[in-house]
Amino acid sequence: MALDSKVPEGPIKDKWTTYKDKINLVNPANKRHIDVIVVGTGLAGGSASATLAELGYNVKAFAYQDSPRRAHSIAAQGGINAAKNYQGDGDSNYRLFYDTVKGGDYRSREANVYRLAEVSANIIDQCVAQGVPFARDYGGLLDNRSFGGVLVSRTFYAKGQTGQQLLLGAYSAMNRQIARGKIEMFNRHEMLDVVIVDGKARGIIARNLVTGEIERHSAHAVVIASGGYGNVYFLSTNAMGSNATAAWKIHKKGAYFANPCYTQIHPTCIPRSGDYQSKLTLMSESLRNDGRIWVPKNLEDVKAIREGRKKPTDLSEDERDYYLERRYPAFGNLVPRDVASRAAKERCDAGYGVNATGEAVYLDFASAITRYGIEQAKIHNISNPSDAKIYELGQKIVEEKYGNLFQMYEKIVDENPYKTPMMIYPAVHYTMGGVWVDYNLMTTIPGCYCIGEANFSDHGANRLGASALMQGLADGYFVLPYTIGDYLADDIRTGKISTDLPEFETAEKEVSDRINFFINNKGTKSVDYFHKKLGNIMWNKCGMSRNAKNLEEAIKEIAELRAEFWKEVSVPGGDKEFNEELAKAGRVADFLELGELFAKDALNRNESCGGHFREESAEESGPQKGEAKRDDKNYAYVAAWEYKGEPANAVLHKEELKFNDIELKQRSYK
Amino acid sequence: MSGILNSSIARKFAMALSAFFLMFFLLQHFVINVTSIFPNNGATFNKLSHFMGTNALIQYALQPVLIFGVVFHFVMGFVLEIKNNNARAIKYAKNNGAANSTWMSRNMIWTGLAILAFIVLHFIDFWFPEINTKFIQGDWSGMHNGQLRYFHELQEKFVNPARVGVYIVAFVFLALHLLHGFDSAFQSVGANNKYTKGLKTFGKLYAILIPLGFIVIALFHHFNH
Amino acid sequence: MNLTLKIWRQKDSKTKGLMVDYKVTDISEHMSFLEMMDVLNEQLVNTGEEPVAFDHDCREGICGMCSMYINGEAHGPDRGVTTCQLHMRMFKDGDTITIEPFRAKAFPVIKDLVVDRSSFERIQQAGGFISVNTSGNTQDANAIPISKHAADEAMDAAACIGCGACVATCKNSSAMLFVGAKVSQYALLPQGQVEAADRVLNMVAQMDAEGFGNCTNTGACEIECPKGISLENIARMNREYLSASLKG
């Protein structure tokens, strides 16, 4: 099947408006005869459920957590971008569009990104109307901060809990519809397969995670909003339960999976402390507004610090290497995430890592505290303030801005970041790749949509900070509810879909068989054993920098690990009960397939772009020496993989990316 | 409107209102009792007591209200306690209440019961004889042996050291009850603002000084009869 | 360090539960409490026993899923943290740690340490929202200035993660801090004014119907709340409720 992105004709500025004007709609009376299933209730799924229900569709929403409010969107800290230009600093839809495409290293679809920028301002209006308590200035108007990779302040925020507040906004909109009976909410349910009838997605098979019952649910369309697959690395900033199962199941039933190798490694996470570690904690990128990243200049100092003979504060300015400021004078500490992460890895690989594991760099607030302190002293007319006074005044400002993050750091690491620099290291955070969708956000299965982080669409090979929230809500509130109408307009006479159809029976049997296998397979190793092993392979061979040899090894090792998994996995307990090990087993089984496709995709893409860095493809000389080198001639396409049994047999389909409104350039932050 | 009668918040509110009334009554009671230690051999005390004991408004209007207030406060206290207990069917094997709340706040029912027991004693001591004299025997004169009887009756009660001991213990319980109850009543009616800090200090003073005052009065009469 | 754990085990909502003793060894002080539980579970799985079921998800203190009552306190002995942020450095070698589920009639146990908090969902559904359509056809976000003070206070109330520590901690299993926080968030913002009266009446009615106890102002909830939600929110709810019921 040839990939048709269905991008409308016309100038980019008018595409979405013109398209909306022309697509089919379902009249209000008919909407109540149409059911839509939404899997996942984070920002994308939650906002889509609420809006679809409000339009009049009957929505069935599914979450594996005990409430939609717990979806992992809640953990996003920093903010949400919108081209409001409230600061009057030259922002516009075009600039947001441009920044996003450039930040994504020219691997995203222009039309989708422009639409995203276009609706971004609306998101802020919507959220404020819902009662989201965004930060405000003393005049009562909305405040903004700046994020990596851009030259304007367009990020709206609610303390360090923007994701939480936006999610609670969407959740409140859902609650309103649940109360009206328009959304039927299935908490603690996990989708285990999609049901396809006559080539169209017509329902899902779900497991009630409390009772273990397998349930059939039918609908006229299925929307997957189940988030990213970062947990394929075992250690990531994702929630423990975050999984790729829903996305992977639809992939196996015909949805192409695009660019799995595009993974974002976030530069500012708390370094790991031991083998028992279950997850990594992110510290908001906003910290890079004021924090300066450095490692010691001399290896002797590194050694002294690791052995505890010296403290980081003992080192003078001359003995420190502020490597981001050195390498990227224009953007300094605010380079995009992929660049910052690779730079940290480069220093640590060269032996400059500052903790026992050798995998940590400093994020230092001392100069910010001093700068703010002097500023405050001036404001308060304190002449000749002492260093201690300056420090005290400055600390207060830093505390106001990042207090909750500093507190979180101290709780985890047991060090006071006001007194000694924080230690940070990159960690897997977000996956730009995902299920391939067209301009309507429909997958290659008719009637099956995919939104939010689960799809591949808007961020190309790298996502800018504060753009994930924007995309999730744009898809859910403003894009999908329109585009799905175009498809459902043909379904007004279909009537209720019966769950007694043989297709449901077959799908349910497949699901039950797999569960029975896990319960009855008396293996010798726990699910986590395999998950950790997979994570190790992924991190070591498909991590921040990749090469052909490692990727080939990874493909082989993952396939072997998968074979061992199906022989040796041990799942205690029964199937008709609350059984977390059983749920985990199913998820890890899917990760074991996805991981291999990931490596295969990374191997195929022999260029460096965004989060995907191939050692074979770096600038060899000139001022950009060592930086990522894109290959637009050969790789300006979306790699969409079709499932054909084993991941090794997956077939590549290319969606060529055309850039009419942006000139392809090397991404320079120097 | 129905919520105002039987919702959780309405019950809190009613509890607080009755508490305000009782705290006001307590203050009034205290003020009168203080006069019993004035160096005029009970003259002021007798005058005030006679007024309180014979004024129709007080006897026929405020006294029933007071009794209703006391009974309501207790009954509501029990109702809430039972409801609150039912809200947790299985108790914790280990609960460290001291880590996050004061002993007083967690034991209002026990300090309350102790106060209830004291009120029974107090009624036997003072109130029943009063009712007997006035309403059964019909003697509204307030006179005994040619002088107002109140001060003398008061002095007599505090001869017995055991009774004084019981009174002291009861007032300690009252103090404990008030230490939580005072602030709590304000919080229940929704007063939590910039004045709260000052109010809390005042509440602590009230909760300690009033019962302490009653104790001082009891001891005074015990040692000065 | 080596620890003895006394953990509530309960097969399902219908079966009676009991406390069971376990031993874990070589626990690092840098582990989070849940990572210590992972160690125990890995140990149980490897010996063919059923692992201890407990709720957890984000493991960074924001999702509100984790819900353990540790040594007599919700989320354990540290302050301003959820169980996933509680670190083992709060304990000593040789300690015995008692671990129970959050207990309240309105939070029935599903299994072991997992409880059903859907009562919170129903309270939110009763009015925890502003009835604005999600079409995006609203006025510009800056059309109504909101004082920084009100916005900050609303944010402080909105920081609630819905974990239920307030209920678990309260000697009366009262949910007033949770409900008060939501009522407050909207009551403090102009957008929330339109439905303020109905909202507080409906949410409180649902709270009562769920079987939560009454608030006796012990203040324990505020102390144990991982997000430091203030008691002021309960006072504000009381005010809102009283004025709403008098108007209604």
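Order of the sequence lines fixes the chain letters, A, B, ..., with proteins taken first and strands second; residue numbering starts at 1 for each chain. Here the structure is a predicted model, which means the values were calculated and not measured.
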Q.
Which atoms of C:Ile144 are under 4.5 Å from chain A, going by heavy atoms: the side chain, the backbone, both sets, or neither?
A. backbone
Q: Would you mind checking which part of A:Ile178 comes under 4.5 Å of any heavy atom in chain C, side chain (CB onward), backbone (N, CA, C, O), both or neither?
A: side chain
Q. Given that the side chain runs from C-beta out, which part of C:Asn133 has a heavy atom under 4.5 Å from chain A: side chain, backbone, both or neither?
A. both
Q: Quick one: which of A:Cys127, A:Ala50, A:Ser273, A:Ala158 has the most heavy-atom pairs under 4.5 Å with chain C, could you say?
A: A:Ala158
Q. Which bit of C:Val81 comes within less than 4.5 Å of chain A, counting heavy atoms only: side chain, backbone, both or neither?
A. side chain
Q: Counting only heavy atoms closer than 4.5 Å, note whether A:Leu168 contacts chain C via side chain, backbone, both or neither.
A: side chain
Q | Region of C:Gln191 in contact with chain A, defined by heavy-atom distances below 4.5 Å | A | side chain
Q. Do the charged groups of C:Asp152 and A:Arg136 touch, with an N to O distance under 4.0 Å?
A. no
Q: Measure the shortest side-chain to side-chain distance between C:Cys163 and C:His75 over non-hydrogen atoms and say whether it is less than 4.5 angstrom.
A: yes
Q: Tell me, out of A:Met174, A:Gln277, A:Lys522, who's got the most heavy-atom pairs with chain C below 4.5 Å.
A: A:Gln277
Q: Determine, for C:Glu195 against A:Arg176, whether the closest basic-nitrogen to carboxylate-oxygen distance falls under 4.0 angstrom.
A: no
Q) So does C:Glu240 pair up with C:Arg199, basic N to acidic O under 4.0 Å? A) no
Q: Identify which part of C:Gln185 has an atom lying under 4.5 Å from any heavy atom of chain A, answering side chain, backbone, both or neither.
A: side chain
**Q.** Proximal component of C:Val115, with respect to chain A [non-hydrogen, under 4.5 Å]
**A.** backbone
Q. Salt bridge between C:Lys148 and A:Asp137, side-chain N to carboxylate O under 4.0 Å?
A. no
Q.
Using heavy-atom distances under 4.5 Å, tell me whether C:Glu60 contacts chain A through its side chain, its backbone, both, or neither.
A. both
Q) Under 3.5 Å, is there a donor-acceptor pair between the A:Tyr157 and A:Asp143 side chains? A) yes
**Q.** Pairs of heavy atoms under 4.5 Å with chain A: top-ranked of C:Lys111, C:Arg59, C:Glu50
**A.** C:Arg59
**Q.** Interface residue of largest heavy-atom contact number with chain C, from A:Val128, A:Ile124, A:Val210, under 4.5 Å
**A.** A:Val128
Q) Does C:Phe178 have its ring centroid less than 6.0 Å away from the ring centroid of C:Phe120? A) yes
**Q.** A:Arg188/C:Asp55 salt bridge by N-O under 4.0 Å criterion
**A.** yes
Q: Considering only NZ, NE, NH1 and NH2 on the basic side and carboxylate oxygens on the acidic side, decide whether A:Lys159 and C:Asp156 come within less than 4.0 Å.
A: yes
Q: Verify whether the ring centers belonging to A:Tyr138 and C:His149 lie closer than 6.0 Å.
A: no
Q) Are C:Glu35 and A:Lys279 close enough, and set up right, to give a salt bridge (charged side-chain N to carboxylate O under 4.0 Å, His left out), and what steps lead you there? A) CA-CA 9 Å; C:Glu35 282 164 353; A:Lys279 82 152 264 163; over 6 Å; no
Q) Relative to chain C, which segment of A:Tyr86 carries a heavy atom at a distance below 4.5 Å: side chain, backbone, both, or neither? A) side chain
Q: On the 0 to 90° scale, with breaks at 30° and 60°, tag the C:His56-C:Phe54 ring pair as parallel, tilted or perpendicular.
A: tilted
(Q) Heavy-atom pairs under 4.5 Å with chain A - which of C:Gln139, C:His30, C:Met31 has more of them than the others? (A) C:Met31
Q.
Shorter than 4.5 Å, heavy atoms on both sides: which option in C:Ser118, C:Ser28, C:Gly48 has the most such pairs with chain A?
A. C:Ser28
Q: Below 4.5 Å from any heavy atom of chain C, which atoms of A:Ser278 appear? Answer side chain, backbone, both or neither.
A: both
Q | Pick from C:Asp140, C:Thr138, C:Asp57 with the largest number of heavy-atom pairs that fall under 4.5 Å of chain A | A | C:Asp57
Q.
Can you confirm if the aromatic rings of C:Phe129 and A:Tyr171 lie within a centre distance of less than 6.0 Å?
A. no
Q) Which atoms of A:Tyr477 come close to chain C, meaning under 4.5 Å heavy atom to heavy atom: side chain ones, backbone ones, both, or neither? A) both
Q | Leading residue by heavy atom contact count with chain C [cutoff under 4.5 Å; candidates A:His72, A:Gln165, A:Glu580] | A | A:Gln165
(Q) With a 4.5 angstrom heavy-atom cut-off, is it the side chain or the backbone of A:Gln164 that approaches chain C, or both, or neither? (A) side chain
Q.
Under a 4.0 Å threshold between the charged nitrogen and the carboxylate oxygen, would A:Glu54 count as salt-bridged to A:Arg180?
A. no
Q) When only pairs under 4.5 Å are counted, which of C:Ser147, C:Gly61, C:Gly162, C:Ala151 shares the most heavy-atom pairs with chain A? A) C:Gly162
Q: With the side chain counted from C-beta on, respond yes when C:Val24 and C:Asn2 share a heavy-atom pair under 4.5 Å apart, and no when they do not.
A: no
Q. Checking heavy atoms, do the side chain of C:Ala159, its backbone, both or neither come under 4.5 Å from chain A?
A. both
**Q.** Closest-packed option against chain A by number of heavy-atom pairs under 4.5 Å, given C:Glu153, C:Met36, C:Gln85, C:Glu42
**A.** C:Glu42
**Q.** Pair C:Asp78 + C:Arg89: basic N to acidic O under 4.0 Å
**A.** no
Q) Which region of C:Leu189, side chain (C-beta onward) or backbone (N, CA, C, O), has a non-hydrogen atom less than 4.5 Å from a non-hydrogen atom of chain A, or is it both or neither? A) side chain
Q | Proximity breakdown for A:Val571 and chain C, heavy-atom pairs closer than 4.5 Å | A | neither
**Q.** C:Glu210 and C:Gln206: side chain donor to acceptor below 3.5 Å
**A.** yes
Q | Proximity breakdown for A:Lys525 and chain C, heavy-atom pairs closer than 4.5 Å | A | neither
Q: Please look at A:Gln407 and chain C and tell me whether the side chain, the backbone, both or neither of the residue comes under 4.5 angstrom of a heavy atom of that chain.
A: side chain
Q. Between C:Asn142 and chain A, which part of the residue has a heavy atom less than 4.5 Å away: side chain, backbone, both or neither?
A. both
**Q.** Pairs of heavy atoms under 4.5 Å with chain C: top-ranked of A:Glu581, A:Gln161, A:Gln130
**A.** A:Gln130
Q) Does one side chain, of A:Asn144 or A:Gln87, offer a donor that lies under 3.5 Å from an acceptor on the other? A) yes
Q.
Can you tell me which of A:Val119, A:Val413, A:Leu141 forms the most heavy-atom pairs within a distance under 4.5 Å of chain C?
A. A:Leu141
Q. For A:Gln65, is it the side chain, the backbone, both, or neither that has a heavy atom closer than 4.5 Å to a heavy atom of chain C?
A. both
